[in-house]
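One structure is given here, and the rest of the page talks about it.
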Amino acid sequence: MARLPHDFYLRDAREVARDLLGRTLVTTIDGLRTSGQIIETEAYLGKEDMASHAFRGLTGRNSAMFLSGGHAYIYFIYGMYHCFNVVTGDEGTGEAVLIRGLRPIDGVETMRMRRGGTPRHDTALTDGPGKLTIALGIGPALNGTDLNDDPRIWIDEGSPLGADEILATPRIGITKSMEHPWRWIAASAIRPKRGESTT
DNA sequence: CCTGCGATATTCT
DNA sequence: GAATATCGCAGGC
């Protein structure tokens with residue numbers, strides 16, 4: 001297993017978002033290792049994307065989003081949760097990929113402890129952007145850190161998914177720029193419900 | 001299974 | 001004062 005190389009992140013956020021599916025997000029926080037397979041991502045661009053935090057330029061909260069590709073952008077949302085993003089592209093661009101869902105691999109007991117319970121399925125520990133940061137111990141201390149060399153957090157090569165294993169949909173929880181299908185999810189993670197079409 | 005709502009910091013109007 | 005890249009709980013079916 002090997003950490004994703006620096007160049008991986010120096011691309012358009014939409015490319016990186018698809019390529020991150022199947023990879024492994026790993027943290028070692030307070031001496032506890034936790035990891036999960038990335039199964040859901042969303043791309044947010046810079047000034048051309050009205051739904052992006054970067055659309056209105058630099059603020060106190062979003063400054064890490066303007067670092068160069070490969071840094072972590074962690075923001076506080078709804079006064080309660082943290083969301084983890086991977087910055088992509090060149091410094092100053094303001095593009096990032098929001099990690100929205102994982103399939104737990106290592107440290108499941110640690111995740112249960114941090115999340116305060118044992119759900120019926122392990123995937124419920126990490127099946128939302130605010131939930132997976134709690135489960136993996138990702139907090140504001142990691143905002144702006146470099147995923148290429150920080151010992152506390154990195155992304156392993158894992159096994160990228162093929163195009164036929166990936167579904168694209170509109171992004172979740174936004175009210176602007178909804179016409180763009182910039183959410184990607186592993187087909188294997190779709191519940192047998194009234195889901196997205198498999199086109 | 002589903003829908004509605006409250007919590008609450010940062011940013012914008 | 002309103003909106004927001006969310007979540008868990010209460011209640012209805």
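As the structure is a prediction and not an experimental result, all values here were calculated from the model. Proteins get letters first, then strands, A, B, ... in listed order; numbering begins at 1 in each.
- For the atom pair CG (A:Asp156) and CZ (A:Arg23), the distance works out to 9.0 Å, reported to the nearest 0.5 Å.
- Partner assigned to B:dT8 is none, using Watson-Crick or G-U wobble distances below 3.5 angstrom.
- Phosphate contact (OP1/OP2 of B:dT13, side-chain N/O of A:Arg56, threshold under 4.0 Å): present.
- Remark: A:Arg3 does not engage A:Asp149 in a salt bridge, criterion side-chain N to carboxylate O under 4.0 Å.
- Remark: P of C:dT6 and CG of A:Asp127 are 13 Å apart, rounded to the nearest angstrom.
- A salt bridge links A:Asp49 with A:Arg171: at least one charged nitrogen is closer than 4.0 Å to a carboxylate oxygen.
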Protein-nucleotides 9-13 of chain C N/O pairs under 3.5 Å:
none

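- Rounded to whole angstrom, the span from the CD1 atom of A:Ile77 across to the P atom of B:dT10 amounts to 11 Å.
- A distance-only check finds no donor-acceptor pair linking the side chain of A:Glu15 to the backbone of A:Asp12 [under 3.5 Å].
- Going from atom CZ of A:Arg171 over to atom C1' of C:dT6 covers 17 Å, rounded to whole Å.
- When the side-chain nitrogen and oxygen atoms of A:Arg115 are compared with OP1 and OP2 of C:dG8, one or more of them lie within a distance under 4.0 Å.
- If A:Glu42 and A:Ile134 are placed on DNA chain C by their nearest nucleotide, the residue sitting closer to the 5' end is A:Glu42.
- Ring geometry for A:His180 against A:Trp182 counts as parallel: the plane angle stays under 30°, on a 0 to 90° scale with 60° as the upper cut.
- The CE-C1' distance, from A:Met50 to B:dT11, rounds to 17 Å in whole Å.
- Projected onto DNA chain C by closest heavy-atom contact, A:Lys176 and A:Ala124 fall at different nucleotides, the more 5' of which corresponds to A:Lys176.
- B:dT10 and C:dG8 are spaced 22 Å apart, taking the C1' atom of each and rounding to whole Å.
- Separating the CG atom in A:Leu67 from the OH atom in A:Tyr9 is a distance of 14.0 Å, to the nearest 0.5 Å.
- Picking from C:dT4, B:dT8, B:dT10 the nucleotide with the shortest atom distance to the side chain of A:Arg61 gives B:dT10.
- Note on A:Lys131: a side-chain N or O is less than 4.0 Å away from OP1 or OP2 of C:dG8.
- The interatomic distance linking A:His180 (NE2) with C:dA5 (C1') rounds to 16 Å, in whole Å.
- Taking a centre distance below 5.5 Å and an interplanar angle below 30 degrees as the stacking criterion, A:Tyr78 does not stack against the six-membered base ring of B:dA7.
- Look at CD1 on A:Ile74: it is 16 Å from P on C:dT6, rounded to the nearest Å.
- For the atom pair CD1 of A:Ile39 and OG1 of A:Thr123, the computed distance is 7.0 Å after rounding to the nearest 0.5 Å.
- A:Phe76 comes within contact range of the sugar-phosphate backbone alone, with a heavy-atom separation under 4.0 Å but no base atom that close.
- Atom CZ in A:Phe55 sits roughly 13 Å away from atom P in C:dA5 (whole-Å rounding).
- Proximity of A:Ile155 to A:Val26: side-chain heavy atoms (C-beta onward) are nowhere separated by under 4.5 Å.
- Results of the side-chain hydrogen bond (donor to acceptor under 3.5 Å, both in side chains) test with A:Thr169 over A:Arg183, A:Glu40, A:Glu42 single out A:Arg183 as the only residue that passes.
- Counting any heavy atom pair closer than 4.0 Å across all strands shown, A:Gly79 reaches a base atom.
- Residue-level contact check: A:Met65 touches the bases, meaning some heavy atom is under 4.0 Å from a base atom.
- For the OP1/OP2 pair of B:dT10 and a distance below 4.0 Å, the side-chain nitrogens and oxygens of A:Thr59 include no atom meeting the criterion.
- With a 4.5 Å cut-off on side-chain heavy atoms, A:Thr24 and A:Ile105 count as touching.
- At least one donor-acceptor pair under 3.5 Å links the side chain of A:Asp150 to the backbone N or O of A:Arg152.
- Residues of residues 82-106 of chain A having a heavy atom closer than 4.0 Å to DNA chain B: none are found.
- To the nearest angstrom, P of B:dC12 lies 10 Å from CG of A:Leu58.
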